[in-house]
A.B. asks: 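First the structure, then my questions, so here it is.
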Number of protein chains: 2
Amino acid sequence: MPSPDPVLSKFGIHVRNLRETQDLTQEQLAERAKLDITYISGIERGLRNPSLLSLLRLAKALGVSLKQLTEGVEL
Amino acid sequence: MPSPDPVLSKFGIHVRNLRETQDLTQEQLAERAKLDITYISGIERGLRNPSLLSLLRLAKALGVSLKQLTEGVEL
DNA sequence: TTGTGACTCTTAGTCCGTT
DNA sequence: AAACGGACTAAGAGTCACA
């Protein structure tokens, strides 16, 4: 497993905020996005660098657009 | 090499439009984004599924935000 | 409920070339 | 200038048992 990346961490925190705002558990989000719960966990901790297709599934599961999902995330 | 994906193709076309609007060659964009030219080519043809970090580098190289880069891309 | 390490398999991403 | 191919290494996708 990679070590946390600052950019990915910022993204992960944002995902976590979006998830908690909707009172979802990681497990519920994982189910909706058809992703593994440990994968969600890794994303929220900034350990994963998801692909465009994964981002889209995540956005859909959270009921937000890709632009909302990546709000404030920059290099 | 994978076959083109409809979602990735839409994204690739958008990248190509952004690039051509700025009169950049694939090579110039590749250089700016620090990505391989063949990889840029694959992205524009919908054959590649870039990671979040690559998307950010691409956005920066094109001088657009991530939201602009992914405009209209949905599952 | 979430974090973590370890794992396999696939793909991201690079580099060589030719058309 | 760009498409396309092969071969390659690094890293992401996706899953598991367990803390």
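Chain letters run A, B, ... following the sequence lines, proteins first, then strands; residues in each count from 1. Note that the coordinates shown come from a computational prediction; the quantities given were computed from them, not determined experimentally.
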A.B. asks: Side chains of A:Val7 and A:Phe11, heavy atoms from C-beta outward: is any pair under 4.5 Å?
C.D. replies: no
A.B. asks: Using a 4.0 Å heavy-atom cut-off to protein, can you give one letter per nucleotide of nucleotides 3-15 of chain D, 5' to 3': B if the base is in contact, S if only the sugar-phosphate is, - if neither?
C.D. replies: SBB------SBBB
A.B. asks: Using the side-chain contact (heavy atoms from CB on, under 4.5 Å) criterion, which residues pair with A:Asp36? Sequence neighbours excluded.
C.D. replies: A:Thr38, A:Tyr39
A.B. asks: To 10°, what angle do the rotation axes through the five end pairs on each side of the helix from C:dT2-D:dA19 to C:dT19-D:dA2 form?
C.D. replies: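 Comparing the axis at each end, I get an angle of 40°.
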A.B. asks: Under the rule for side-chain hydrogen bond (donor to acceptor under 3.5 Å, both in side chains), what residues qualify as partners of A:Ser51, not counting sequence neighbours?
C.D. replies: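 Per chain and number, A:Ser51 pairs via side-chain hydrogen bond (donor to acceptor under 3.5 Å, both in side chains) with A:Ser54, B:Asn49.
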A.B. asks: Could you go through B:Leu53 and A:Asp5, starting from their C-alpha distance and side-chain angles, then the distance that decides it, and tell me whether this counts as side-chain contact (heavy atoms from CB on, under 4.5 Å)?
C.D. replies: CA-CA 10 Å; B:Leu53 257 17; A:Asp5 171 272; 4.3 Å; yes
A.B. asks: Can you tell me how far apart OG (B:Ser3) and CG (B:Leu47) are? Round to the nearest 0.5 Å.
C.D. replies: 8.0 Å
A.B. asks: With the 4.5 Å side-chain cut-off for hydrophobic clustering, are B:Ile43 and B:Ile37 part of the same group?
C.D. replies: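 Unlinked, B:Ile43 and B:Ile37 end up in two clusters.
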A.B. asks: Going 5' to 3' along DNA chain C, which nucleotides are the first and last within contact of chain B (any atom under 4.0 Å from a heavy atom)?
C.D. replies: C:dA12 to C:dC16
A.B. asks: Taking salt bridge (charged side-chain N to carboxylate O under 4.0 Å, His left out) as the test, write out the residues that go with A:Arg16, two or more places apart.
C.D. replies: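 Checked A:Arg16 against salt bridge (charged side-chain N to carboxylate O under 4.0 Å, His left out); matches are A:Glu44.
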A.B. asks: Which residues satisfy the side-chain hydrogen bond (donor to acceptor under 3.5 Å, both in side chains) test with B:Arg45, sequence neighbours excluded?
C.D. replies: B:Ser41
A.B. asks: Which side-chain N or O atoms in residues 68-75 of chain A pair as donor and acceptor under 3.5 Å with protein atoms at least two apart or in another chain?
C.D. replies:
unit_1	atom_1	unit_2	atom_2	d
A:Gln68	OE1	A:Ser65	N	2.9
A:Gln68	OE1	A:Ser65	OG	3.3
A:Thr70	OG1	A:Leu66	O	2.9

A.B. asks: With sequence neighbours excluded, what pairs up with B:Thr25 under the side-chain contact (heavy atoms from CB on, under 4.5 Å) test?
C.D. replies: B:Glu27, B:Gln28
A.B. asks: If you take any heavy atom closer than 4.0 Å to DNA chain C, which residues from residues 59-75 of chain A end up in contact?
C.D. replies: none
A.B. asks: Taking A:Arg32 as the fixed residue, which of A:Leu62, A:Leu58, A:Leu24 is the one that meets the side chain to side chain contact (heavy atoms under 4.5 Å, CB included) rule?
C.D. replies: A:Leu24
A.B. asks: Give a yes or no answer on whether the side chain of A:Arg48 reaches the backbone of A:Gly42 with a donor-acceptor pair at less than 3.5 Å.
C.D. replies: no
